[in-house]
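The structure under discussion appears below in the form of structure tokens.
In what follows, chains are A, B, ... by sequence order, proteins preceding strands, each numbered from 1.
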Amino acid sequence: MEKFKKELKSRVVVGFGFSAIIILINIFVPMFFETSFKNGFVVGMFSGVAILAFIMAIQAAKALKDPEKLRKLYIEEHDERELEILDRAMKFALKFTLMLGLIATSICMYIDTKIAIGIIGTICFMSLLTFGAKVYYDKKI
Amino acid sequence: METRLPELRKMNKLTQEELADLVGVTRQTISSIESGKYIASLPLAYKLAKVFNLKIEEVFELEEEEV
């Protein structure tokens with residue numbers, strides 16, 4: 001439980017810190033840079049992540065103050081069935097994404113080669129990452 | 001995998017929620033183990049057996065085709 005408490009403390013620091021940085025960027029970027037769709041998109045994307053990080057930080061801070069909430073959060077995050085469900089869902093999503101990527105590459109090759117190369121590059125990167133992770137866990141477990 | 005978990009839980013007058021709390025999992029996990037949808041890991045099976053002061057093989061039993 002002490003390890004989990006440490007993890008929650010770092011979640012609070014990272015969550016609030018990241019949110020604060022994004023708020024500052026939201027305030028200062030429009031002052032010094034021209035407002036464009038591209039800038040707005042990037043800032044908006046990071047703002048979405050910051051909102052999630054902020055919610056998680058609040059949840060962690062509340063759990064750190066209340067032992068009952070801490071215990072419930074620990075069970076929620078460490079429940080072996082939930083972890084297995086997540087694991088299976090991610091495996092399925094990865095296989096599905098790779099298959100869909102291959103189909104999308106085949107279609108895009110006839111429409112826009114640059115997009116097709118972008119997708120196949122992503123597929124290769126994901127496959128390499130999966131292979132790398134497999135090699136790592138082969139040695140670790 | 002067959003389990004005597006529902007029987008043992010009722011004998012000890014425990015709800016799924018209470019048993020889940022004792023072994024540190026969610027109620028849904030206990031429910032899934034009882035219905036045979038999910039097979040508990042070895043540490044969890046050990047914890048469950050310990051709650052009832054029994055051995056793992058007295059709580060869980062492999063079916064013929066699993067042996």
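- Closest heavy-atom contact between A:Glu80 and B:Ile39: OE2-O, 4.5 Å.
- Both B:Leu14 and B:Leu54 belong to a single network of hydrophobic side chains, linked directly or stepwise wherever heavy atoms of I, L, V, M, F, W or Y lie under 4.5 Å apart.
- Here CZ of A:Arg81 is found 10.5 Å from CD1 of B:Ile30. Values are rounded to the nearest 0.5 Å.
- Linking Ile, Leu, Val, Met, Phe, Trp and Tyr whenever their side-chain heavy atoms come within less than 4.5 Å leaves A:Ile117 and A:Ile123 in two separate clusters.
- Contacts of residues 16-29 of chain B with chain A at a heavy-atom distance below 4.5 Å involve B:Asp21, B:Gly24, B:Val25, B:Thr26, B:Gln28, B:Thr29, listed in sequence order.
- When the shell of 6.0 Å around CE of A:Met1 is examined, it contains more than 12 heavy atoms from other residues, nucleotides or ligands.
- A 6.0 Å sphere centred on CZ of A:Phe54 holds no more than 12 heavy atoms belonging to other residues, nucleotides or ligands.
- Placement of A:Val13 and A:Leu64 in two distinct hydrophobic clusters is found when ILVMFWY residues are connected by side-chain heavy-atom separations under 4.5 Å, directly or transitively.
- Residue A:Val14 is not grouped with residue A:Val12 when hydrophobic side chains (ILVMFWY) are merged at heavy-atom distances under 4.5 angstrom, including chains of intermediate members.
- Around CZ of A:Phe46, the count of heavy atoms belonging to other residues, nucleotides or ligands within 6.0 Å does not exceed 12.
- No more than 12 heavy atoms of other residues, nucleotides or ligands lie within 6.0 Å of CE in A:Met99, so this atom counts as exposed by the packing criterion.
- Both the backbone and the side chain of B:Ser41 come within contact range of chain A, judged by heavy atoms closer than 4.5 Å.
- The residue among A:Glu76, A:Glu82, A:Glu84 with the most heavy atom pairs within less than 4.5 Å of chain B is A:Glu84.
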